[in-house]
Structure formats: structure tokens, C-alpha cells
Number of protein chains: 4
Amino acid sequence: MNTKTAVPIRQRRKEARPQELLDAALELFVEKGFAATRSEEVAARAGVAKGTLYLYFPSKEDLLKAVVRENLAGLIAEGATIAGAFEGSTHELLVLLMKTWWERVGNTPASGIFKIIITEMGNFPDFARFYVQEVIEPGRDLFSRVLQRGIDSGELRQVNIFETVHVLIFPMLMLCLHKHSLGACAGIGPIMDPPSFIETHVDVVVRGLLVREDAQAAEPAAARKGGKRG
Amino acid sequence: MNTKTAVPIRQRRKEARPQELLDAALELFVEKGFAATRSEEVAARAGVAKGTLYLYFPSKEDLLKAVVRENLAGLIAEGATIAGAFEGSTHELLVLLMKTWWERVGNTPASGIFKIIITEMGNFPDFARFYVQEVIEPGRDLFSRVLQRGIDSGELRQVNIFETVHVLIFPMLMLCLHKHSLGACAGIGPIMDPPSFIETHVDVVVRGLLVREDAQAAEPAAARKGGKRG
Amino acid sequence: MNTKTAVPIRQRRKEARPQELLDAALELFVEKGFAATRSEEVAARAGVAKGTLYLYFPSKEDLLKAVVRENLAGLIAEGATIAGAFEGSTHELLVLLMKTWWERVGNTPASGIFKIIITEMGNFPDFARFYVQEVIEPGRDLFSRVLQRGIDSGELRQVNIFETVHVLIFPMLMLCLHKHSLGACAGIGPIMDPPSFIETHVDVVVRGLLVREDAQAAEPAAARKGGKRG
Amino acid sequence: MNTKTAVPIRQRRKEARPQELLDAALELFVEKGFAATRSEEVAARAGVAKGTLYLYFPSKEDLLKAVVRENLAGLIAEGATIAGAFEGSTHELLVLLMKTWWERVGNTPASGIFKIIITEMGNFPDFARFYVQEVIEPGRDLFSRVLQRGIDSGELRQVNIFETVHVLIFPMLMLCLHKHSLGACAGIGPIMDPPSFIETHVDVVVRGLLVREDAQAAEPAAARKGGKRG
DNA sequence: AATGAATGAGTCTTCATTCAT
DNA sequence: GATGAATGAAGACTCATTCAT
């Protein structure tokens with residue numbers, strides 16, 4: 001019965017090849033940069049010969065595109081699901097989203113993708129569009145909805161949502177970049193504990209967004225934008 | 001009459017060459033990445049021939065080092081001077097520091113350096129050490145002192161200074177990285193106004209750091225770090 | 001039928017490549033000098049592309065080393081075997097050794113090696129050591145033993161063996177050098193027949209070494225070395 | 001009176017320049033080889049700027065030609081004068097010629113010329129002709145006349161003069177080549193004392209050429225060339 | 001499907017030579 | 001005459017890609 005479903009090793013490996021190559025490529029592109037990574041190295045790390053790489057990906061550039069798409073697909077959907085089902089405070093939701101994101105992305109090899117994106121986006125305009133549509137915009141929208149939810153419920157102040165979303169997201173991205181640049185240089189500088197940093201980050205920012213009674217905080221950010229504070 | 005004071009063109013150019021080459025290199029390294037930039041392109045953009053580059057810099061790698069050193073030397077010293085002489089509130093000081101930083105670095109070609117650093121730090125261990133000592137540590141210390149000043153004066157809560165410094169700095173760095181990656185892809189996505197973003201960022205974070213009377217915020221972050229919240 | 005034993009062309013060529021490249025390199029290094037030979041020329045003469053050379057030899061310098069090692073290894077061993085087994089007069093042994101040497105080295109492309117060595121030894125100190133240990137010293141020792149044999153048997157006079165060895169060897173080396181410098185310039189000067197020259201050379205030198213009865217030659221060379229002749 | 005003949009320093013140096021450059025070039029070409037010597041090095045060693053070299057020599061190749069011509073002109077004439085005026089035995093004349101040659105050439109920087117010639121002759125056909133006409137042929141003729149003189153006087157055997165000349169000359173040349181190749185590698189192998197070697201060399205060869213009473217040596221070399229000795 | 005030997009375009013770097021000063 | 005900044009042709013070497021096996 002299960003003999004039918006049993007896949008021969010040969011075939012299993014065949015099907016697994018692209019993924020093994022993508023994993024190897026991700027590691028190397030993150031470690032050494034795209035240009036500095038030789039295609040032969042990718043093949044070697046995936047345990048295949050140079051030529052085999054080209055059976056699955058027509059060029060090194062296409063390999064890069066596949067690596068990025070592969071690792072970013074479905075990145076946002078999960079967050080959206082969490083946010084849609086959540087019933088607690090917005091503060092708690094943000095803490096949950098960030099922790100989840102760290103577990104699923106920041107703390108995995110996929111975190112290196114952001115480094116690649118920063119570096120190579122300029123060289124792949126069509127990929128830039130993909131990234132904006134598939135990652136940036138959905139991500140932005142997710143956090144925008146969460147912030148709006150908090151404002152609507154009276155938990156958070158009226159703020160410039162677009163900018164505030166980036167105040168929330170940017171440090172998370174920098175955490176990933178740091179991990180793969182300075183953080184990869186063993187023994188340099190003090191080490192930061194990501195979960196602890198994330199906690200502090202979310203705590204500080206959410207506090208800065210809470211509705212407060214004192215006059216200083218009552219003034220909406222949007223109104224303040226135009227003139228100087230007295 | 002002015003023949004006596006006239007400096008021969010050759011001479012004048014010779015003195016200007018290194019700077020012209022450094023400027024060209026900065027632009028190109030930021031635009032295309034270090035590895036993807038051909039040394040001849042740098043020379044061409046500086047208006048000289050291939051070989052001329054090598055009269056001033058022994059190799060492409062040395063050129064990169066010079067570019068980074070050139071643009072980051074004295075970056076921090078200025079901020080320290082400002083902070084040392086400032087007499088207003090810590091909130092105002094942070095706003096001033098961030099604005100100054102944006103004018104001097106974020107809004108100049110030097111902002112691209114951070115992109116290079118993210119990418120190349122792993123490939124130049126000795127340069128990584130230089131960068132940590134000359135830029136990262138002084139920068140951290142500067143903001144640490146400012147936060148400590150705010151805490152000592154009673155303006156700010158007791159927080160984990162190390163982590164909070166990064167909550168302040170990371171979005172600034174991401175702003176630079178964004179500017180030279182996605183931001184450089186013309187017509188992609190909505191544009192963010194950096195000064196406005198910086199204002200929102202500092203405002204939100206500083207609010208999150210202010211001492212408050214309500215119970216919610218009374219629990220010091222430092223105390224919370226050890227155990228789990230109930 | 002023979003399909004089973006047939007070796008794929010690729011395979012066959014792969015095994016022959018290093019030797020083909022070494023042969024081509026020897027020819028060209030001798031013809032034009034090491035520095036003046038482009039690595040691409042070597043590859044072309046071996047019938048492969050530029051890059052192929054580097055699959056087998058990491059650099060042009062390593063190629064040179066391999067060329068010299070390849071062609072001189074076992075050079076001396078053969079002479080030592082001959083000398084060890086010989087039973088005739090020392091005169092006849094020297095004639096035999098020189099003729100053998102000419103057939104195996106002087107009259108083959110390997111003769112050009114000495115030209116390369118003269119030129120490049122100064123630029124490769126570690127190779128110089130190799131050459132001294134593997135070629136010069138064993139060669140010296142071989143001829144020293146042969147001369148000593150002649151002296152012990154009473155066939156030859158007491159002479160300074162070290163210097164006399166060079167009186168024997170130097171013209172042989174010059175013959176090779178001449179062949180690849182002046183001798184290579186077609187139509188220049190009269191041509192010397194190497195076997196005939198070798199015969200004359202050995203004949204003259206051996207005669208000069210024979211023990212003689214006449215007073216003129218009775219004064220031993222060794223005794224004369226110390227003081228001036230009257 | 002002598003003010004007229006006094007040459008200003010400026011002009012004296014100007015006239016001396018070519019010689020200084022030639023000396024520097026000789027040293028460097030011998031040390032490092034022609035190709036490996038940069039024209040700027042030659043200028044620097046002569047104490048002038050790069051461009052100055054080209055005021056005197058149109059190219060590096062012409063400089064090489066000048067170096068060789070300069071150092072070989074008149075090389076032979078002196079020997080011919082000595083030989084023409086000498087009245088002693090041919091043995092003594094050969095000793096004198098070789099000693100003189102060593103003092104004037106072998107023991108001076110000019111000895112390096114032979115290394116250059118061996119290496120570069122193939123690359124300069126027209127120079128090869130010059131060298132043959134100006135150096136090789138007169139040198140050959142000189143030694144041929146000396147040997148003939150010895151034969152005519154009954155001092156030396158009848159030998160193949162052409163070949164015997166080379167038996168005499170080749171070790172002298174090798175001495176020079178050795179001095180600038182292996183001999184230049186400090187600390188490698190035992191060192192040979194040139195004057196002593198020359199003495200041994202001439203002694204052995206002349207002894208081998210002397211007329212002897214035993215039948216073996218009575219047979220003229222020229223006659224022996226055709227058939228085998230009985 | 002997989003291999004890896006072979007390729008050759010492309011890059012960094014050197015250096016003989018020129019020429020404005 | 002002298003200089004040395006500038007040039008650009010040339011060469012060693014790399015590596016993405018191909019294709020015979």
C-alpha cells in the first residue's frame with residue numbers, strides 16, 4: 001500500500017534539488033554577497049556539480065531572483081492571519097506580530113534576504129517591483145491596519161500612520177541587517193539580544209503612541225506637522 | 001601679474017585628483033555595489049584614464065577603504081560637540097542631533113556608505129574593526145550619554161540604554177539604506193519625506209521614554225527585563 | 001566490441017593535457033624567454049584555451065617550475081647508474097657520459113632549460129635551492145666521483161677536482177645555451193657540430209688530466225695552487 | 001687658459017647622463033632581466049626622472065642595444081693588441097689573455113652582458129648580427145691565431161682549431177653566467193674562486209694541447225675526426 | 001539527469017611611453 | 001633640458017556558462 005507512495009531516493013533528490021540549491025545560494029549570497037559568490041560554490045554546497053545548477057536555473061541572476069521570491073512568498077500572509085484573528089489590545093497584538101516575525105524570519109536564514117535586497121535591488125528593477133508589490137505593500141498595509149485598529153479603539157493617539165509604520169518596521173529590518181554584517185564579524189563589539197531588543201523597541205514605541213491625558217501628548221501629530229511646537 | 005601666483009593646471013589637478021576619484025568611487029560603489037563597479041568606471045567618472053586611478057590608490061580595495069574613511073572621519077565628533085554644549089531639554093537635543101545628522105550625512109552622498117558597509121563589512125575584517133572603533137562605538141557612546149542625561153534630569157524613564165540607543169539609531173540608518181535601494185528605483189511606491197519621518201520617529205520614541213504618572217508606564221523597563229510580566 | 005574499453009575523448013585529453021602544456025611551455029619559454037611568453041600563447045600552442053591552462057597550473061610561475069622539474073628529474077640518476085656500472089677507463093667513461101647526456105638532454109628540447117635557469121634563477125630563490133639540490137649537487141658529485149676514480153686508478157693526475165669538474169661541465173652547458181641563443185638565429189655564423197665538439201672537448205681535457213712522464217707536466221697542479229710559479 | 005676647457009657642472013652632467021643611464025641599465029638588466037626591469041627603475045638608479053631616459057634613448061629596447069654595444073666595443077681590440085705584441089710561449093700567452101679578460105670583463109659589471117645576450121639575442125635579430133660581427137668573430141679569430149701560433153711553433157698539437165677555441169672560451173663565459181645566476185643567490189652552494197678556476201682551466205686545456213712523444217697524441221685531431229681511433 | 005572539462009569574455013593591474021609644464 | 005602626471009595597450013587571471021560524455 002505504502003509502496004506506491006514511497007518515492008525512490010533518486011526521484012526524491014531530484015525534486016529536492018532546486019530547494020537545496022536555493023538554500024545553498026541564500027546562505028552564500030548572504031555571507032559573501034551576490035557578486036562575490038561563485039556559482040560553483042553554490043553547486044558545491046548543495047552537493048551537486050557545477051553543470052547541475054544550470055539544469056534548474058538558467059543563470060546566476062535567475063538563481064538570485066528565485067532565492068528572493070522563494071523566501072519572501074507567504075511572508076506576509078501569516079501576519080495578516082494573526083492580526084485578523086487577534087482579540088486583545090493593539091499593544092499585545094504588536095508584541096505578538098513582532099515576536100512571530102522574529103521566529104519565522106529574523107531568526108532564520110531568510111533574515112539574510114534583506115541584506116541581499118538592499119544591495120541588489122538597484123541591479124534588478126523588475127525584481128524591485130515584485131518586492132514592493134509582494135512584500136512592502138502588504139507589510140505596510142498590515143501594520144497600517146493594526147495601527148488604525150488601535151486608533152479607532154481609542155488605545156492609540158492619532159499619528160501619521162505611514163511614518164509610524166516605518167518607525168515600527170525599520171528597527172526590525174536593521175536587526176536582520178546587523179546580524180549579517182557586523183554581527184557576523186565574530187568578536188566585534190557587544191552583542192545585542194534580539195528578543196530583548198524587540199521587546200524594548202515595541203514597548204518604547206507603543207508607549208509613545210498611547211493616548212495620554214497630559215496636554216503635551218494631546219496634540220495630534222498630524223496637526224503638529226505644519227507649524228513649530230510652541 | 002597673476003602669473004606668479006598661478007598654479008599650473010597639472011599641479012592643480014594633481015591635488016584635486018584623489019578627491020575627485022573618491023567622489024566618483026562613492027557614487028558608483030553606492031549605485032552598483034563595490035564588486036559590480038569596474039575600476040575603469042571610477043576613473044572615467046572622475047575624468048581620468050584607467051591607469052591614473054592607480055597612481056593614487058594601490059588597488060580597488062584600498063580605494064574602498066579610503067572612500068569610507070574619508071566620509072566618516074569626523075562624523076561623530078561634530079555630534080559630540082553639539083551635545084556637549086546643548087542646554088535645552090533632552091527631547092530638543094535629540095531632535096537637533098537627528099536633524100544635524102540628516103543634513104550632514106543622510107542628505108549627502110555619504111549616506112550611501114551605510115549600504116556599502118552592510119555589504120562589504122564581512123569581506124574586510126580589518127576594516128570592520130576600524131568602523132566599530134571609529135564610528136559605531138563613538139556613536140553609541142554619544143547617544144548613550146544623551147539618554148543618561150535625560151534620565152538623570154528626570155525627563156526620561158529608566159530604560160535599557162544600550163537597546164534604546166538602537167531604537168533611536170536604527171531607523172535613521174534604514175532611512176539611508178532605503179534611500180539608496182528602493183528609494184533609488186524611480187517611481188516605485190510612495191515616497192517618504194525624510195525630515196518629516198525623522199520628526200515623527202523622534203517624537204514617538206521620546207514620548208515613549210518620558211516619565212509618566214499613570215500606572216501603566218510606572219513600571220521601569222529595567223526592572224521588567226529580568227522576569228516575565230504578570 | 002571495443003566500446004567497453006574505449007576511453008572517452010575528454011578523458012583521454014584530460015590526462016594528456018598537463019604534458020601537452022608543459023611541452024608547449026618549454027618550447028616557448030626557451031624561444032622567447034619566460035617573461036616575454038604570454039600564458040595565452042602557451043595554451044594556444046598546446047591547442048587549448050587560455051582558461052584551460054589554469055585548470056592545471058595555478059600560475060605562470062608554477063608552470064615554469066613544473067616545466068623545469070619535469071625535465072630535469074631523473075637527469076642525474078641515469079648518469080650515476082651508468083658510472084656505477086662502467087668498467088673501462090675513466091677516459092672512456094667520460095666520453096660515454098657526455099655522449100649520453102647529449103642524447104638525453106642536449107639534443108632534446110630540455111636543453112633549453114639551462115637558458116631559462118640562467119635567466120630566471122635570480123627571480124625564484126626557492127626554485128634556485130631546488131635546482132641546486134636536485135641537479136647541481138648530484139651532477140657535481142657524479143663527475144667528482146668519476147675524476148676521483150681516474151686519479152685513484154693512476155690514470156689521471158692529482159688535480160683540484162671541484163674546479164676540474166666545472167672545466168668538464170661548463171662547455172657542455174654553453175653548448176646548450178649557444179644552441180638556443182646564437183644557434184637559433186638562422187644563418188648567423190658557422191655552425192658547430194655538437195657531437196664533434198664534445199669529442200674534441202673531452203679529448204683535450206682528458207689529455208690534460210692524464211699522468212705524464214715528461215718533466216714539463218710533472219709538476220702537480222695541486223702543489224702549484226698554493227704559490228706562484230717561478 | 002684652463003677656463004676654456006673647464007666644463008660647467010650642468011654641462012658635464014648632461015654629457016655624462018647617457019653613461020649614467022647605461023651603467024644603471026646594465027646593472028638592472030643583469031640583476032633582474034631585461035623584461036623584468038622597469039624603465040623607471042633605470043632612470044631612478046641613474047638619478048633622473050622617467051622622462052629624461054627618453055631624451056637619450058628612444059625606447060627601452062634601444063637602451064638595451066646601447067648597453068651591449070657600449071660594453072662590448074673595444075673588448076676584443078685590447079686582446080688582439082696583447083696577442084700581437086707577446087713574445088713568450090703560447091701557454092703563457094693564453095694565461096695572460098685569460099687573466100686580462102677576467103680583469104677587464106669578467107670581474108666588472110660588463111660580465112653580466114653575456115647573460116643578457118643569452119636571453120635576449122633571439123628577440124633582436126639585428127642585434128645578433130652586430131654581436132657576431134663585433135664580438136664573436138673577432139674573438140674567435142683572436143684565439144684561432146693564438147692556437148695557430150702555438151701549432152706553428154711546435155708547442156701545440158694539430159687540433160681542430162675551431163672547436164678548441166670554444167673549449168677555451170666556453171668555460172670563461174659560463175663563469176660569467178654563473179656569477180650572475182647561481183652565484184648571485186647568496187649562500188647557495190660552494191663558491192668558486194674565478195682566478196683559481198681560470199688557472200686550472202687554462203692549465204688543463206693547454207696540457208691537453210701540448211705536443212707529446214707518445215703515439216696516441218701524435219695523431220692529429222683533424223685526421224681523427226673522420227674515422228674511429230684504432 | 002548529472003557531470004566536469006573546456007571555454008573566452010571580462011576585470012584588475014602594470015608599465016613603456018608621451019607631453020604639458 | 002628636465003620633470004612626473006597621465007595615458008592606454010597589454011597581460012595574468014577569474015568565472016559564468018556550455019556541452020560532450
Side-chain angles (χ1 to χ4, degrees), chain A residues 10-11 13-15 17 35-44 47-63, chain B residues 6-15 17 35-43 47-61 63, chain C residues 6-15 17 35-44 47-63, chain D residues 10-11 13-15 17 35-44 47-63:
Chain A
R10 189 72 166 275
Q11 189 166 344
R13 299 213 62 204
K14 185 180 106 184
E15 282 161 8
R17 278 286 150 67
T37 299
R38 288 165 38 202
S39 59
E40 191 167 6
E41 286 178 281
V42 176
V48 298
K50 213 177 342 180
T52 307
L53 174 62
Y54 288 88
L55 294 178
Y56 297 98
F57 303 96
S59 76
K60 196 175 134 183
E61 204 170 303
D62 286 285
L63 176 60
Chain B
V7 180
I9 281 183
R10 275 283 178 94
Q11 190 73 22
R12 239 183 305 139
R13 302 208 68 191
K14 189 206 163 178
E15 280 159 13
R17 282 270 182 275
T37 299
R38 293 184 304 131
S39 60
E40 193 167 4
E41 288 178 281
V42 176
V48 298
K50 206 177 354 175
T52 306
L53 173 62
Y54 289 89
L55 294 177
Y56 297 97
F57 303 96
S59 73
K60 202 175 119 179
E61 197 171 312
L63 176 60
Chain C
V7 180
I9 282 183
R10 276 281 179 96
Q11 190 74 21
R12 238 183 305 141
R13 303 209 67 193
K14 188 206 164 180
E15 282 159 11
R17 283 270 183 275
T37 299
R38 292 184 303 131
S39 60
E40 194 165 3
E41 287 178 282
V42 176
V48 298
K50 203 179 0 174
T52 306
L53 173 62
Y54 290 90
L55 294 178
Y56 298 96
F57 303 95
S59 74
K60 200 175 120 178
E61 196 171 313
D62 285 283
L63 176 61
Chain D
R10 190 69 167 277
Q11 188 167 346
R13 297 214 63 204
K14 184 181 107 186
E15 282 163 7
R17 278 286 151 68
T37 299
R38 289 166 36 205
S39 60
E40 191 167 6
E41 287 178 280
V42 176
V48 299
K50 213 177 345 182
T52 306
L53 174 62
Y54 288 87
L55 294 177
Y56 296 98
F57 304 96
S59 75
K60 196 175 134 182
E61 204 170 305
D62 286 285
L63 176 60

So which pairs with a foot in residues 47-56 of chain D pass salt bridge (Lys or Arg N to Asp or Glu O under 4.0 Å), sequence neighbours left out?
-> D/Glu40-D/Lys50
Separation of [N] [atom2] from [X] [atom1] (nearest whole Å):
X: C/Lys50; N: E/dG10; atom1: NZ; atom2: P; answer: 10 Å
X: C/Glu41; N: F/dG11; atom1: CD; atom2: P; answer: 8 Å
X: A/Tyr54; N: E/dG4; atom1: OH; atom2: C1'; answer: 13 Å

Out of [options], which has the shortest distance to the side chain of [X]?
X: B/Ser39; options: E/dC12, E/dA1, F/dG1; answer: E/dC12
X: C/Leu55; options: F/dA6, F/dG1, E/dT7; answer: E/dT7
X: A/Arg38; options: F/dA16, F/dT7, E/dT11; answer: F/dA16

Over all atoms of both residues, closest heavy-atom pair of C/Ala49 and C/Ala43 = O-CB, 3.6 Å
Between D/Tyr54 and D/Pro58, what is the shortest heavy-atom contact and its length?
->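 Looking at all heavy atoms of both residues, the shortest contact is CD2-O, 3.7 Å.
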First of B/Ala49 and C/Glu40 reached from the 5' end of DNA chain F, by closest nucleotide = B/Ala49
Map B/Gly51 and C/Pro58 onto DNA chain F by nearest heavy atom, then report which one ends up closer to the 5' terminus.
->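 On the 5' side of the pair lies B/Gly51.
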Assign each of B/Thr52 and C/Leu53 to its nearest nucleotide of DNA chain E by heavy atoms, then name whichever residue's nucleotide is nearer the 5' end.
->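 Mapping each residue to its closest nucleotide by heavy atoms, the 5'-most match is C/Leu53.
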Strand DNA chain F as a dot-bracket string - pairs counted if Watson-Crick or G-U with both distances under 3.5 Å, | where the partner lies in another strand | .||||||||||||||||||||
OP1 or OP2 of E/dA2 under 4.0 Å from side-chain N/O of A/Tyr56 =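 It does, given that an N or O in the side chain of A/Tyr56 lies less than 4.0 Å from OP1 or OP2 of E/dA2.
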Reckon A/Lys60 touches a base, only the sugar-phosphate, or nothing at all at heavy-atom distances under 4.0 Å?
->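 Counting heavy atoms under 4.0 Å across all strands, the contact made by A/Lys60 is with sugar-phosphate only.
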Any donor-acceptor pair under 3.5 Å linking the side chain of B/Lys60 with the backbone of B/Arg38?
->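 Not at all, since once roles are kept as given, no pair shorter than 3.5 Å links the two residues.
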Of all residues at least two apart in sequence or in a different chain, which pass the side chain to side chain contact (heavy atoms under 4.5 Å, CB included) check with B/Ser59?
-> B/Glu61, B/Asp62
Is A/Leu53 close to A/Leu63 at the side-chain level, that is, under 4.5 Å between some pair of heavy atoms?
-> yes
